[in-house]
Each structure stands twice: as structure tokens, then as C-alpha cells.
Amino acid sequence: MTLDEFLHQIPKVELHAHLLGTVRQNTFTELVHRAKAPITDQEITAFYTRGEKPVGVLRVLRALDAWLLRTPDDFHRLVYEYLQDAAAHQVRYAEFFWNPTGTAREGGLPYGRALQGIRRAIADAERDLGITGRLIAAIDREAPPRDALEMVEWVLAERCDEALGIGIDYRENDFPPELFVDAYALARRGGLKTTAHAGEFGMPWTNVQTAVDVLKVDRIDHGYTVIDAPDFARRCADLGLIFTVVPTNSYYLRTLAPERWALDHPIRQMPGLGLRLHPNTDDPTLHHVNPTGAWGMMVRDFGFTLDDLRGFTENGLDAAWTDDSTRRTWRAEHLAAFDALRARHEAAAAT
């Protein structure tokens, strides 16, 4: 068993993927043609061509909101295709982000209607593929804070088992987490789980601190600048806070020298501060990565060992928003499979 085979076959959870960043190129193309949207085939090809410095991602996401997603069936297609692609890499549980505000405001499809398609897709994928999918309704931080509060109200009014909590994403620059304290407080009062993108775009480590101490999140997405504050990082470690990191994070690929990015990337440094990490794909089709590839980058680019990967597996299970009984079952299953596959890989490597 080669390393690639081992990485492909280990059971995984995915906690940090954006639904609109999982869209297959052919699906995006079909939606553009159906809508007669002002996007050319050449532009689509450019969007899905990842060079040394990834570009165009935000335009793809905004185009989906503004012109392309019109019916619950559209959401069924996107969710089912994402879960199908994830299951092909032994992802058994996936929590994915979606921003309801853009779909409602720009596309005219209310949260409850889109949710119908999402829930059907989750049920169909679990039946057909054996993967459990769950939704995180994400605040669009580029929209006004009052829209965030309204979005949380939508989620609470349409409570269901498939929608577990809220997050916050899009460009962190100029939109610090404290703008959305009221939305997070309402979510917590309503029994929703919470996470937040913070410290993603080189923004100060205090954004991570605000997410932890003011928003009171259950976990952090990205969080890289926490390494600039070792005392706070140790407090996060003592709290057992888990960081869902992304090996293909575009900010560091853009800003660090090609020969240094993997050596200087915060992901390499975070475990040395006691922080618990879990690798994820973020925008897999736009970043040209899949779950196997993301885990492979943790080994090949950042130098983590198989022992580290086992720890990342445990971290993902601990961070998953599921009940303790299910978590215990998954822990036993995933770690037993990991150990058996590791034994096969190490035996093959020794011959």
C-alpha cells in the first residue's frame, strides 16, 4: 500500500468546505448557459485554472448567488455532487458552509426554499453513498450586521437536524468578527453551534481572540495569525480549541515565496504551540484539491508524520458537531481503520 493509497483510504471527516466552492466546472458551465449569465466560457476556464496565485474565486461564488441558483433542485444538485465527490475520498461525515443571505438577496430564493433542496440531497447522499452531510449557515461578513442577525433568525425559524450551526466567512479585511456579536449571541441562545473564519487573510491575531472570547465559538476556521501571540495560543490549546486549517489557503500561497511557503506557513508552526489542527479542502474544485490531496499536503509540504495524521483524525472527530454516542462509535471505527491501513502501508514500505 503506497502512501497515496493510504491517504485515500483512511476514513475522514470534513468540517471546512464551502458549498459554492465545491461546484464542478461542468455544473457551473451548465448553470451559466441556462441563466444566459454575462460570463464567457473562456472566463469559466480561467476561474477553474489554478495558477501559482489563485484568482477569481470570489467572482465565481458571487455569480452563483446573483444569477445561477434559482430553485431548490439547484441546491440539491450542488449538495449531492459535493457529497458524492467527498465520499469518493472516504469522507464519511461532512459539514459544509453556505451563505443564505446572498442567495436570498441576490438570487431571490428564500432560505427555507433552498433548505428544502439541501435536506433532500443530504438524505439522498446518505442513502446512496453512506456519507452524512450537515449544513453550517454562514454569515456573509461583507453584508451589513443586521443581515447576519436576520439570517440567524431564518435558521432558528426553520430548525432541522441537518442545519447544526452558523459560521462567518468571505473577506475578513475591514469586517472584523465583533461586528456580528449580536448574531452569534442569538445563535447561542437558540442552541446553535458556532464557528468563525478568523486570522485567515493575515489579519491580526486579535480577530481570533475576539472570535473565542466575544463570539464564544466552538471552533476556529483558519486562525493562522494565532502564532503571533504565543500566550493566547497556549490558552487556545488549554481550551482544546480545534482549528480547521486549509493547506491550499490562498493568502499564504500568494504572499510567501514559492520556495518558502510550506516552511514558513503557520500550519507548520501551530502544533508546536499545542494547537489542535484538522485539515480541510475549503473550496476544493476552485483550489484543485480533494480530501486525499489536502491530507497529503500535510505530509509532503508541512512534514507531518503518520502519528500526527492520527491525531488530526481524532481532532476532526472531536470537533464534529454530533452527539457523544455517535462520536464514540466513529472514533472506534475511524481509528481502527486508520491503524489497520497504516500497518499495511508500513509493511509494504518495509519490503
Side-chain angles (χ1 to χ4, degrees), residues 3-4 6-8 10 12-17 50-54 57 89 172 195-209 211-212 219-284 286-319 338 342 345:
L3 178 61
D4 284 338
F6 167 76
L7 293 168
H8 181 267
I10 57 173
K12 306 172 187 71
V13 302
E14 177 113 317
L15 305 176
H16 185 161
R50 182 180 175 88
E52 291 184 1
K53 297 182 178 181
V57 171
H89 290 271
E172 189 180 359
T195 186
H197 284 50
E200 176 185 2
F201 292 92
M203 292 294 99
W205 68 270
T206 50
N207 278 9
V208 183
Q209 183 184 44
V212 173
R219 63 179 187 239
I220 290 287
D221 303 308
H222 297 290
Y224 309 118
T225 51
V226 71
I227 67 171
D228 296 333
D231 289 343
F232 174 66
R234 281 189 286 273
R235 183 154 70 85
C236 291
D238 291 341
L239 291 171
L241 198 67
I242 293 168
F243 291 70
T244 65
V245 298
V246 175
T248 54
N249 174 263
S250 58
Y251 174 79
Y252 291 99
L253 286 176
R254 289 196 308 269
T255 56
L256 296 176
E259 69 275 10
R260 293 292 310 178
W261 79 270
L263 298 173
D264 296 339
H265 199 298
I267 285 177
R268 182 182 283 265
Q269 304 172 51
M270 291 167 80
L273 295 170
L275 298 172
R276 301 179 67 187
L277 308 187
H278 180 258
N280 297 268
T281 60
D282 202 15
D283 297 299
L286 300 176
H287 286 191
H288 290 192
V289 72
N290 54 48
T292 299
W295 283 74
M297 290 177 71
M298 300 298 280
V299 177
R300 295 190 177 93
D301 293 302
F302 300 124
F304 292 113
T305 67
L306 298 191
D307 284 341
D308 294 323
L309 297 193
R310 194 180 194 277
F312 299 155
T313 298
E314 291 187 274
N315 293 343
L317 294 168
D318 286 345
F338 185 101
R342 177 178 181 172
H345 166 59

To the nearest 0.5 Å, what is the distance between [atom1] on [X] and [atom2] on [Y]?
X: Gln269; Y: Tyr224; atom1: CD; atom2: OH; result: 13.0 Å
X: Asn315; Y: Arg219; atom1: CG; atom2: CZ; result: 12.0 Å
X: Leu7; Y: Met297; atom1: CG; atom2: CE; result: 12.5 Å

**Message:** Ring centres under 6.0 Å, that's the criterion: do Phe6 and Phe338 meet it?
**Reply:**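 Yes.
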**Message:** Centre-to-centre under 6.0 Å for Trp261 and Phe302, is that the case here?
**Reply:**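 Yes, the ring centres sit under 6.0 Å apart.
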**Message:** Check the orientation of Phe232 and Trp205. Use parallel for under 30°, tilted for 30 to 60°, and perpendicular for over 60°.
**Reply:**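 Ring orientation, 0 to 90° scale: tilted.
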**Message:** Under 4.0 Å between a side-chain nitrogen and a carboxylate oxygen: does that hold for Arg235 and Asp238?
**Reply:**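 Judged by the 4.0 Å cut-off on N to carboxylate O distance, Arg235 and Asp238 do not form a salt bridge.
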**Request:** Considering only NZ, NE, NH1 and NH2 on the basic side and carboxylate oxygens on the acidic side, decide whether Arg276 and Asp318 come within less than 4.0 Å.
**Result:**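 Between Asp318 and Arg276 there is a salt bridge, with a charged N closer than 4.0 Å to a carboxylate O.
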**Message:** Using the side-chain contact (heavy atoms from CB on, under 4.5 Å) definition, which of the options Thr244, Val226, Ile242, Val212 pairs with Ile220?
**Reply:**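 Testing each of Thr244, Val226, Ile242, Val212 against Ile220, the sole residue satisfying side-chain contact (heavy atoms from CB on, under 4.5 Å) is Val212.
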For [Y], is there any backbone N or O sitting under 3.5 Å from a side-chain donor or acceptor partner on [X]?
X: Asn290; Y: Gly293; answer: yes
X: Thr225; Y: Met203; answer: yes
X: Lys12; Y: Trp295; answer: no
X: Glu172; Y: Glu200; answer: yes

Verify whether one side chain among [X] and [Y] offers a donor that lies under 3.5 Å from an acceptor in the other.
X: Thr195; Y: Asp221; answer: yes
X: His278; Y: His16; answer: no
X: Thr305; Y: Asp308; answer: yes
X: Thr292; Y: His89; answer: yes

**Message:** Quick one, Asn280 with Val245, criterion side-chain contact (heavy atoms from CB on, under 4.5 Å). Give me CA distance, side-chain angles, the key distance, then yes/no.
**Reply:** CA-CA 6 Å; Asn280 297 268; Val245 298; 5.8 Å; no
**Prompt:** Would Ile267 and Met298 count as a side-chain contact (heavy atoms from CB on, under 4.5 Å) if you check the C-alpha gap in whole Å, the side-chain angles of each, and the deciding distance to 0.1 Å?
**Reply:** CA-CA 9 Å; Ile267 285 177; Met298 300 298 280; 3.9 Å; yes
**Prompt:** Hey, does His287 have a side-chain heavy atom less than 4.5 Å from the side chain of Thr281?
**Reply:**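 No. Closest side-chain heavy atoms not under 4.5 Å.
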